[in-house]
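Note that the numbering runs from 1 along the sequence shown for the chain. Heavy-atom basis, side chains included; hydrogens, waters and symmetry copies ignored.
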Amino acid sequence: MERDRALLLADRHQPPPLWRLLRISLCPVCRLRWPCPRYLDARAILLGNDRVDVAALLRRNSRWRA
């Protein structure tokens, strides 16, 4: 349950790709500088156990392409 909520928060607080192109560095939900504390907390929960499958899922679903 906690991981599902964290995944939802991480996805919701990620800015759209167009914002990156326009260099807008605000969280779309809480309007703080991105990465916002809620996004960082959710990501820490998801990656806390160093689970390779969760990290791969985040990379695959990420809006940012490295």
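Here CG of L26 is found 7.5 Å from CD1 of I24. Values are rounded to the nearest 0.5 Å. To the nearest 0.5 angstrom, C27 atom SG is 10.5 Å from R12 atom CZ. The distance from the CG atom of L9 to the CD atom of Q14 is 12.0 Å, given to the nearest 0.5 Å. Distance check, rounded to the nearest 0.5 Å: CD1 of I45 to CG of D41 gives 6.5 Å.
Residues passing the side-chain contact (heavy atoms from CB on, under 4.5 Å) test with P37 are L32, sequence neighbours excluded. R31 is linked by a side chain to side chain donor-acceptor pair (under 3.5 Å) to nothing, counting only residues two or more places apart in sequence or in another chain.
By the rule that hydrophobic residues join a cluster once side-chain heavy atoms approach within less than 4.5 Å of another member, W34 and L40 end up as members of one cluster.
With H13 as reference, C36 is the one residue of C36, P28, P35 to meet the side chain to side chain contact (heavy atoms under 4.5 Å, CB included) rule.
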